[in-house]
Structures are given as C-alpha cells and as structure tokens.
Q: 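Handing you a structure now.
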Amino acid sequence: LNVYEFAINRLINKGEVEMAFNFHKAMLERNWKPDTIACNKILKNLCLQRKISVAFDYLNVVISVGPKPNVVTFSTLINACCKEKDLDKAFEVFDAMTKNGVMPDLIVYSMLIDGLFRAGNLEKGKRLLLMALNSGFKLDVVVFSSLMDAYVRIGDTGRMIKVYKAMLKEGISPNVVTYSILVNGLCQEGKLKEAFGVLGLIVKQGLEPTVFTYSAMIDALCRSGNLVDGIFLFKDMIKKGLELDIVVYSVIINGLCKQGLVPDALRFFFQALSGGLVPNVFILNSLIDGCCRLSRVRDAANVYNLMGKLSIEADVVTYTTLLKGFAKAEMLDEALLLFFQMLKKGFQPDVVTYCTLIDGFSKMRNPTAALRTFNFMCSHGVSPDIAIYNTLINMHFRECHLDAAVELFVHITEKGPNPD
RNA sequence: GCGGAGGAUGAU
C-alpha cells in the first residue's frame, strides 16, 4: 500500500486540499519522492469525484515541484475535461503537455477525438484523426469502436458499418465492445434480425456477450412490442450466469411499463431489490410513467412517495412525467400546481416540461393558458424548440385559427427552428 | 503497477 497515496486521498476527502498539497511539498523536501503513478491515481480519483478544479490545482503542484508528470498524468485530465464537455480546456491540457516535453500517444488522441465527436464537432474530430494518422499512429480497436459509436449516436448506421469494415480491412479484430456497439446501432435502427446475427457472430468468435449486449437487444425487443423474446433473453442472461445490473432491469421495467404492463414491471422491480441492486431515478421514473400512461395518477403519486422512502431524488423528468399524468387525466389545475411546486423546489423546468404543459392545455381546448405558458417559458430563459412550435401550430389548427397557425409557420421558416 | 470505446427514464 502506498502511504503517500492514502494520506493525500484522506486529506482531500476531508476537504483539506491545501494541507494535502503542503504534505506533497513536504514529502519532496525530505526526499520521500512520491512517484508519478501514485500521483496519477490520485488525479484519477479526483476526476472520478468530479473535483476537476482540485485536480488542476494538484496537477499544477506536480508540474511545479515534481515528480515529473508523464503522458498518463496529462491524459487523465484531458479525459476528465472531455467528460465534462469542456473541449477547450482539454486542448489547453494538451498544449501544456507538449510544452512540458511530453508527447501525446494514441490514447490521448483517442480521448480528444471521442470528445469532439460527442460535442457534435465531427469535422474537427476527423481532422484530429488525420493528424494522428499523419503522426504515424495506427488506429486500434478502441478508436474504431469509438468512431462507430459516434455514428450510432447520430443515427448513421451506414457509416457505422463502413467504419467496422475499414477496421476489419486493417486487420484489427473486433472485441465484445465493438460488437455491442454494432448490436446497439442495429437495434436503434430496428434491424433486429441483423442484431441477432451479430449476437451469433459474438458467440462464434468465442466471445461472451455482456450485459451491455443483452440490454441493447432486450431494449429493442421491448420497444418493438416483442416482450416475449425480451424476457426470454433476460432469462437467458441469468442462465448464462451473467451478473444482472440495474440498467438491464431498468430496460425490462421500462419496456413493460411502455406496454401498459405495470404489474409485471413491478415484479422485476422487486426482483432487482431482492437481488441487492439499488434502484435509481430511471427505474422509478419509468414506473411513474407506466402508471401515468394508464391514467393511474394515484398510483403514480404512490411511486413518487416511494422515491422519498428509498432516498432517490426526484428530477425534472419525474416532475414532467407526473405533470403529463395529470394532463392526461384532465387535471390541469393539479398539473399547474405541480409545476409551481417544482419551481419552488428549485427545479428548472426544461423545454419538455413546458411542451407537456402546453400540449395539456391545448388538448383541454384552453389555448389562452397554453399561450400564457409559452410566454412564461420564453420569459424564463427557455427557448422554444421545434416540438413547442409543432404543439402550438397543432393547437391553432384544432381551434381553427388557421391564420395564427400559418403565421407561426412562416415565423419559424424565417427565424427557425427548422420545421421537421 | 496509472489514462481512452458499448446498454436504461419525460413532450409534439
């Protein structure tokens, strides 16, 4: 065990950041040199706890007094910045790295390229990829997989497959992560047959599908209404001895709730609990949504109260779902009450919340309240997206306000957002 | 001995 690492982590966890840094300096002065690997682990820990600014302070201490940072030191921070979607900062670290005489490796490029793709900056990501190639790096399975997933995220399965084939042509063997990305991409596109084909391929290669692979498949099956096969795969996982996690439970629970089978969903919920898994806000929100879809507002409220007992914090999705439930049950007064409660609790309603409320008023033939909500939204820092305009245009047609509908349409074609 | 890729919740 590394005493240095232990002490620094303790001090930082207690909030004694200054003391930790002084301890670091004192160690160096007494020639107890902390090694770079220990420092890297501490940095990683700070990043995992999202204490990024402390991590930066620590990096600066290390840069100024030692030990000499290596490429892992810098890449740890670059990765953290990418995860925080702060690409500018990531590139600042990149520059600091080269200024300190540390050359980037493929992993550094991989993180930055992935970060750029996630930020929606495809062009810059591709440029950096070319830079890596021009520097003589040979892309590995992680870079290829990360590229494939980038295309899955933007719904471009065609390019995902192109990247996959390019990877094979390079003589790189896909691993189970690569295959899971393929499965997920195909599933999102509704190509379940092909996804099953890849599942077979995984087994044929002597690899084991993971809980990620299964989740993607089960999710797609449930969404297509094929609960029988979804549940079959779920049981198959258990038979294969795979460890079920909270996500795969949430997939099956959500699938059942969407089909109106809340009682079955609850069975899985309790099964997860007795399996020792900790339920999260995703699961509870799915259950609430399931109740709301059946117009069982009372049950939804009970699930909401259960959240408190389980110490699960409700979020903006929870409130929006409940609000939708009230709207569906034609209880707009309660919906509005909930809306203001949510404001009072400090939650920021987002564009989905407003859209739910506006649509609720619209369907209750209360365009005045709908428009009032729209104005409230605009004056509270939420800009309308195309769904909001669709809802309003729809409402104007319902009210036979053709002029108003056309006027809104012209407004968005001139000023955006783009009609869909 | 330390760093990079994959699955789940709300609106039209």
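Values below: all heavy atoms of this structure, side chains included; hydrogens, waters and symmetry mates excluded. By convention in this document, chain letters (A, B, ...) are assigned in the order of the sequence lines, proteins followed by strands, and residues within each chain are numbered from 1. Treat the numbers as computed from the prediction; the structure is a model and nothing was measured.
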Q: Might you point out which heavy atoms bring A:Ser286 and A:Ile253 nearest each other, and give the distance in Å?
A: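 A:Ser286 and A:Ile253 have their closest heavy atoms at CB-CG2, 4.4 Å.
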
Q: For a quick check of understanding: with a heavy-atom distance under 4.0 Å over all strands, which category does A:Thr36 fall into, base, sugar-phosphate or nothing?
A: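 Result for A:Thr36 = nothing.
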
Q: Knowing that exactly one of A:Tyr319, A:Phe339, A:Phe374 qualifies, which makes a ring-ring contact (aromatic ring centres under 6.0 Å, His included) with A:Tyr354?
A: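 Of the listed residues A:Tyr319, A:Phe339, A:Phe374, the ring-ring contact (aromatic ring centres under 6.0 Å, His included) partner of A:Tyr354 is A:Phe339.
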
Q: Kindly state each residue pair satisfying side chain to side chain donor-acceptor pair (under 3.5 Å) with at least one member in residues 189-202 of chain A, sequence neighbours excluded.
A: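 For residues 189-202 of chain A: A:Thr157-A:Glu189.
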
Q: Reckon A:Thr391 touches a base, only the sugar-phosphate, or nothing at all at heavy-atom distances under 4.0 Å?
A: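 It contacts sugar-phosphate atoms only.
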
Q: Please, which pairs that meet side chain to side chain donor-acceptor pair (under 3.5 Å) have at least one residue in residues 258-269 of chain A, sequence neighbours excluded?
A: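 Output for this query lists A:Asn254-A:Lys258, A:Lys258-A:Asp289, A:Asp264-A:Arg267.
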
Q: Considering only heavy atoms of chain A and a distance under 4.0 Å, specify the first and last nucleotide of RNA chain B in 5' to 3' order that meet this criterion.
A: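 From 5' to 3', the first and last contacting nucleotides are B:G1 to B:U12.
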
Q: Using a 4.0 Å heavy-atom cut-off across all strands, classify A:Thr356 as base, sugar-phosphate, or nothing.
A: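 The answer is sugar-phosphate, as A:Thr356 gets under 4.0 Å only of primed atoms, P, OP1 or OP2.
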
Q: Can you pull out the residues from residues 83-104 of chain A that lie within a 4.0 Å heavy-atom distance of RNA chain B?
A: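 Output list: A:Lys83.
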
Q: Which parts of residues 141-153 of chain A get close to RNA chain B, meaning a heavy atom less than 4.0 angstrom away?
A: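 Only A:Val142, A:Val143, A:Ser145, A:Ser146, A:Asp149 qualify.
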
Q: Quick one: side-chain contact (heavy atoms from CB on, under 4.5 Å) partners of A:Lys138, sequence neighbours excluded?
A: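 Per chain and number, A:Lys138 pairs via side-chain contact (heavy atoms from CB on, under 4.5 Å) with A:Glu170, A:Ile172.
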
Q: Mind checking if A:Asp350 touches a base, just sugar-phosphate, or nothing, with heavy atoms under 4.0 Å?
A: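 Base, at least one base atom sits under 4.0 Å.
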
Q: Taking only residues two or more places apart in sequence, or in another chain, which ones meet A:Val163 in a side-chain contact (heavy atoms from CB on, under 4.5 Å)?
A: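 Listed in chain order: A:Phe144, A:Leu147, A:Met148, A:Tyr151.
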
Q: For residues A:Pro104 and A:Val71, report the shortest heavy-atom separation together with the two atoms involved.
A: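 Looking at all heavy atoms of both residues, the closest pair is CA-CG2, 4.5 Å.
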
Q: Mind jotting down which residue pairs meet the ring pair (Phe, Tyr, Trp, His ring centres under 6.0 Å) criterion with at least one end in residues 198-252 of chain A? Sequence neighbours excluded, please.
A: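 As it turns out, the ring pair (Phe, Tyr, Trp, His ring centres under 6.0 Å) pairs with a partner in residues 198-252 of chain A, which skip direct neighbours, are A:Phe234-A:Tyr249, A:Phe234-A:Phe268.
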
Q: Which residue pairs satisfy the salt bridge (charged side-chain N to carboxylate O under 4.0 Å, His left out) criterion with at least one member in residues 216-234 of chain A, sequence neighbours excluded?
A: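 Salt bridge (charged side-chain N to carboxylate O under 4.0 Å, His left out) check on residues 216-234 of chain A returns A:Asp219-A:Arg223.
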
Q: Return the residues of residues 251-267 of chain A meeting this criterion: a heavy atom under 4.0 Å from some atom of RNA chain B. Order them by number, or give none.
A: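 Hits under 4.0 Å, by residue number: A:Val251, A:Asn254, A:Lys258.
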
Q: Looking at A:His24 and A:Tyr4, would you say the former's side chain and the latter's main chain have a donor-acceptor pair under 3.5 Å?
A: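 It does not hold such a pair.
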
Q: For A:Thr210, report the nucleic acid contact type (base, sugar-phosphate, nothing); a contact means any heavy atom under 4.0 Å.
A: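 Here A:Thr210 touches the bases of the nucleic acid.
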
Q: Is it the case that atom CZ in A:Arg293 sees more than 12 heavy atoms from other parts of the structure closer than 6.0 Å?
A: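 Yes, enclosed.
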
Q: Taking only residues at least two apart or on different chains, which pairs with a member in residues 75-122 of chain A satisfy ring pair (Phe, Tyr, Trp, His ring centres under 6.0 Å)?
A: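 Of all non-adjacent pairs touching residues 75-122 of chain A, those that pass ring pair (Phe, Tyr, Trp, His ring centres under 6.0 Å) are A:Tyr109-A:Phe137.
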
Q: Could you name each residue pair satisfying salt bridge (charged side-chain N to carboxylate O under 4.0 Å, His left out) that touches residues 48-57 of chain A, not counting sequence neighbours?
A: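 Every pair satisfying salt bridge (charged side-chain N to carboxylate O under 4.0 Å, His left out) with a residue in residues 48-57 of chain A: A:Arg50-A:Glu84.
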
